[in-house]
Amino acid sequence: MKKLSNTLLLTHMSILLIYTGGTIGMSRNSFSGALEPLDFAHLLRHIPELHEVAADIHTTQFEPPIDSSDVTPSQWESLACTIAGRYHDYDGFVILHGTDTMAYTASALSYMLGNLTKPVIFTGSQLPIGQLRTDGKENLITAVSIAAARDDEGRPLVPEVAIYFGGRLLRGNRTTKQSAEAFRAFASFNYPALADAGVDITYHRDLILRPDYGRGLQPFYALDPNVIIISLFPGMRGDILQHILQTPGLKAVVMRTFGSGNAPRHPWLLSALREAADRGLVIVNISQCVQGAVEMSRYDCGLHLQEAGVLSGLDSTVESAVTKLMHLLARYPGDTVTVRSLMTKNLRGEISV
Ligand code: ASP
């Protein structure tokens, strides 16, 4: 761990800043012209203002830093281990991460870090920190301020896994990357922002999770990646879908359906799903619409799915559903009944029930 010297200690909050990579710390390769991640020293050189933030900031980084398209569950595990291992040394954690898969990583960590009582705030940027119009400085400085923010009793204002980006603080497992260009790259379509940052940071405290401060962190690191996301489309071939559903070792499917959770009523589709569900596969219905919830009983085309053993993913994001499945399958191996039942329960504020 490195320490940034000469911090202006106004609040004495200590924050661990974890750099995993992403555009924020990238620079252009002079031969290929493509952006590639550089080390933390490069990034910190471009934000001398960090020394002025009212917190004592220590830093650590992934070796080597990565483009987040390369992230894997084992890196989620090492992030969760870093946080759990240093949990008592810091008041909050800020994770610099590429935007491409930030919503997956934030969702995964929300399940891995049970009963979180400290802020874990993800951020990154659309433009590298060395570029004139970078959004990285504001994102990073505000993320650190949020991680350090306390209420009158000295408790963290945001004791959950969240993403701060482009002026809004969003619950991590409610968030989706919505734009490859806009500075407001992320949206939470089915849950309001936890805070808005303008001249001041306004926290919507009634929307923020309240952990049990009497209990400690309950980390669970294992993830089972035997899952797949399948997006339905008109004209999909039955033999291809059946082939996927029969993949050895496959345990769960996030099935992206139409509208309020509808699918074609082809007999081959319903019998393939029924047969897979009877074999113990957990099949979760998530709409291709980003806003609104699955309601399989609304149309006959949805009701058939329910009768075939497909579960409603309610208003979950895809990122949250797939990482929740990875978590639950590892936590309750072979116990399909429990996994199915917990998929429809609200564990970390990820679904509205
Ligand atoms: N490809 C980059 C990444 O996800 C994009 C970004 O950081 O915005 O690492």
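Atoms within each ligand, like the ligands themselves, are counted from 1 in listed order. Everything numeric here is computed off the predicted structure, so don't read it as measured data.
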- Task: For Arg205 and Asp151, run salt bridge (Lys or Arg N to Asp or Glu O under 4.0 Å): C-alpha distance rounded to whole Å, both residues' side-chain angles, the deciding distance at 0.1 Å, then the answer.
- Result: CA-CA 10 Å; Arg205 294 173 64 175; Asp151 66 15; 3.7 Å; yes
- Query: Would Asn285 and Thr257 satisfy side chain to side chain donor-acceptor pair (under 3.5 Å), going step by step from the backbone distance to the final call?
  - Reply: CA-CA 7 Å; Asn285 185 345; Thr257 57; 2.6 Å; yes
- Carefully, step by step, assess Tyr213 and Glu153 under the rule side chain to side chain donor-acceptor pair (under 3.5 Å). CA-CA 12 Å; Tyr213 286 100; Glu153 290 162 38; over 6 Å; no
- Are Thr117 and Asp212 close enough, and set up right, to give a side-chain contact (heavy atoms from CB on, under 4.5 Å), and what steps lead you there? CA-CA 7 Å; Thr117 55; Asp212 178 353; over 6 Å; no
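Ser125 counts as a contact of ligand 1, since one of its heavy atoms falls under 4.0 Å from the ligand.
At under 3.5 Å, not a single nitrogen or oxygen of His97, backbone or side chain, sits near a nitrogen or oxygen of ligand 1. Residue Ser68 places at least one N or O, backbone or side chain, under 3.5 Å from an N or O of ligand 1. Looking at ligand 1, you'll find an N or O of Thr23 within less than 3.5 Å of one of its N or O atoms. By the 3.5 Å distance cut-off applied to N or O atoms, Thr101 is not counted among the residues near ligand 1.
Residue Ile18 is tested with Ile83, Thr59, Leu96 for a side-chain contact (heavy atoms from CB on, under 4.5 Å); the sole match is Ile83.
Each of the following atoms of ligand 1 lies closer than 4.0 Å to a heavy atom of Gly22: 7 (O), 9 (O).
The protein atom (non-hydrogen) at minimum distance from atom 8 (O) of ligand 1 is Thr99 OG1, 2.4 Å. If you check which protein heavy atom lies closest to atom 1 (N) of ligand 1, you get Asp100 OD2, 2.8 Å.
Using cut-offs of 30° and 60° on the angle between ring planes, the pair Phe93 and Tyr87 is parallel.
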